[in-house]
Amino acid sequence: MSINLQPFRKLQLVAYMDYLPVFLKIKNRPCLIVGGGEIAARKAELLLRAGADLTVVAPEIGADVAGLKKTGVISHEQREFSPQDLQAQTLVVAATDDPALNQQVSDLARKIALPVNVVDQPNLCSFIMPSIVDRSPVIVAVSTGGASPVLARLMRARLETLIPASFGQLALLAREFRDQVKKRFKESGRRRRFWEHVLDGPIAEMTFAGRTDAARRELRHELGAGPDSFPLTGEVYLVGAGPGDPDLLTSRALRLMQRADVVVHDRLVSEAVLRLARKDAPRIYAGKERSRHMLPQESINQLLVRLAREGKRVLRLKGGDPFIFGRGGEEIDTLAAEGIPFQIVPGITAASGCAAYAGIPLTHRDYAQSCVFVTGHLKDGSTDLDWDALAKPQQTIVIYMGLIGLPVICQQLIKRGLPEDLPAALVERGTTPNQRIFTGTLTSLPEIVDSANVRAPTLTIIGEVVKLHGKLQWFESHAAAASKNIA
Ligand code: SAH
């Protein structure tokens, strides 16, 4: 079976990070600060926390740097900066109030590829300092790339509350047992399960409660039980990824996305959502495009079975909700028949997502008492629906996969008695920054598809409720400017 990874290789190569986060080892390494004021003192304290062998060059120093000097944790060169100061340094921070001097330090450092930070001047920096949540040895660094230090601080504050103060203790415990566990659990999959069990269960709780000795005893006990008590059982998580906006994922979806060993996803799952899956879990693209299937459904079902049999936790990620025009039923059917454990996580279906982000309520006491979801694309490629059931007053019709069949659908609905000027909308790539909305009527809709070059994925909403879009629209996508209101 051929698995096509190509589309994602391409996407992953797009450079969207302005900086590469790294953790630099400066313990006992020579580091330099140019400047002796208050800001220099803050930077000095930070570098000292990481064990730097620190020199401060400044003709004058403030009280804080003087305090550090007195305790003997820094060396102070009481003079102007000289280019030789940069020799054999691990990094340099310029924290003076002399712009020309800061510029000089930056230029000289870059010439010899010495990492340089100039306080509050990102354009002169080859590295920037993140906001830090310190649970050493666990360190979380947050950066907005210099865009907004206040935002970075707010994020840090949130993380502070999320990460228990004793997280560092847990990491120390893990470090203590790391080699023993490696010896006892030779196989990496089982070893990871063991660690997940330790770090996400009662042993972690004991550590957080300060009962480190009890945690250590328990860990030793579990280690004694050995690999056989941690069987590698595979499982499949059939997860709805929602219509595109990653904020619309459920908490459970997020949790399982972090747990999975391998991700099998289709074309509709947005890159923004995929980025939230575990970074080291391989992605398999099982995308389906209308009539150009990357993997036939049968192979997808078999692939899920095979991966689960290998003991993997398989994340089967589907756009929207897996049970709404998502073939989730067929995939689960195979798993059930093969006795593979699975979980199903609902997602926000395109109809809900697009309706909400377009400001079109699907039902409304004045306009629609019922709402039907239909697919405009049948298994055999035709478009043949129960037209009489659809062509009812006071009913909203939502059409999935309907672009190709749209002219036929509109014609048939008019033929069965719906008004030619019944409002209708197309929502292209709903809930994403590229969302475009077009409104028109049963008569004009097919023309709009052509004139505005509307592409899949697009959802069609037909009914009086579409009138409300003008008043209730709220979501501004990047593409909003390009969207036109064609009546
Ligand atoms: N299981 C999915 C639907 C899969 S069928 C769900 O519950 O949403 C694929 C069709 O869904 C597309 O052809 C399109 O009509 C619709 N769709 C999915 N995501 C969409 C989006 N972000 N914007 C507009 N339509 C979308």
Side-chain angles (χ1 to χ4, degrees), residues 237-250 253 264-274 286-294 297 300 315-332 344-360 362 371-379 381 383 385 396-406 408-410 424-439 445-446 448-449 452-462 466 469 473 475 477-480 482-483:
Y237 312 135
L238 179 64
V239 173
D245 183 346
D247 272 7
L248 296 179
L249 283 168
T250 61
V264 183
H265 63 94
D266 50 31
R267 190 177 52 97
L268 275 179
V269 179
S270 71
E271 179 61 21
V273 167
L274 277 170
K288 282 189 280 226
E289 279 178 40
R290 222 183 52 80
S291 74
R292 191 167 70 88
H293 291 201
M294 291 311 226
Q297 187 63 49
I300 297 176
L315 178 74
R316 175 64 176 121
L317 203 54
K318 311 204 80 155
D321 181 281
F323 277 4
I324 294 187
F325 305 126
R327 306 204 187 178
E330 297 167 44
E331 293 179 15
I332 287 308
I344 304 163
V345 183
I348 290 185
T349 189
S352 299
C354 293
Y357 279 53
I360 301 174
L362 292 177
C371 171
V372 286
F373 294 177
V374 294
T375 165
H377 178 72
L378 303 185
K379 213 168 181 176
T383 302
L385 296 161
T396 306
I397 308 171
V398 178
I399 304 164
Y400 287 72
M401 295 175 280
L403 278 187
I404 300 289
L406 201 62
V408 176
I409 294 171
C410 291
L426 298 163
V427 185
E428 184 190 58
R429 299 207 234 172
T431 82
T432 74
N434 300 315
Q435 171 173 293
R436 293 199 302 165
I437 301 170
F438 302 92
T439 56
L445 219 52
I448 297 174
V449 173
N453 196 19
V454 178
R455 293 289 175 83
T458 291
L459 195 81
T460 308
I461 305 177
I462 299 172
V466 172
H469 163 69
Q473 70 185 105
F475 177 68
S477 64
H478 297 168
S483 94

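Nothing here was measured: the structure is a model prediction, and the numbers come from that model. In listed order, ligands and their atoms are each counted from 1.
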### Query
Is there a heavy atom in Arg429 that sits closer than 4.0 Å to ligand 1?
yes
**Prompt:** Counting both backbone and side chain atoms, is some N or O of Ile399 under 3.5 Å from an N or O of ligand 1?
**Reply:** no
Among Leu459, Thr458, Leu403, closest by heavy atom to atom 15 (O) of ligand 1 is Thr458
Nearest non-hydrogen protein atom to atom 21 (C) of ligand 1, with distance, is Gly430 N, 3.5 Å
The protein heavy atom nearest to atom 22 (N) of ligand 1 is Pro243 O, 2.8 Å
CG (Asp321) and CD1 (Ile344) are apart, to the nearest 0.5 Å, by 9.5 Å
Here the atoms of ligand 1 under 4.0 Å from any heavy atom belonging to Cys354 are 23 (N), 24 (C)
So, 4.0 Å and heavy atoms of Gly244: is ligand 1 close enough to count as a contact? no
* Asked: Given the rule in the side chain to side chain contact (heavy atoms under 4.5 Å, CB included) test, do Glu331 and Arg316 qualify, once you have shown the distances and angles that lead to the verdict?
  -> CA-CA 9 Å; Glu331 293 179 15; Arg316 175 64 176 121; 2.8 Å; yes
The closest protein heavy-atom partner of atom 7 (O) of ligand 1 is Thr349 OG1, 2.6 Å
In this structure, atom 19 (N) of ligand 1 is nearest to the protein heavy atom Ala350 CB, 3.8 Å
Val427 heavy atoms within 4.0 Å reach ligand 1 at atoms 24 (C)
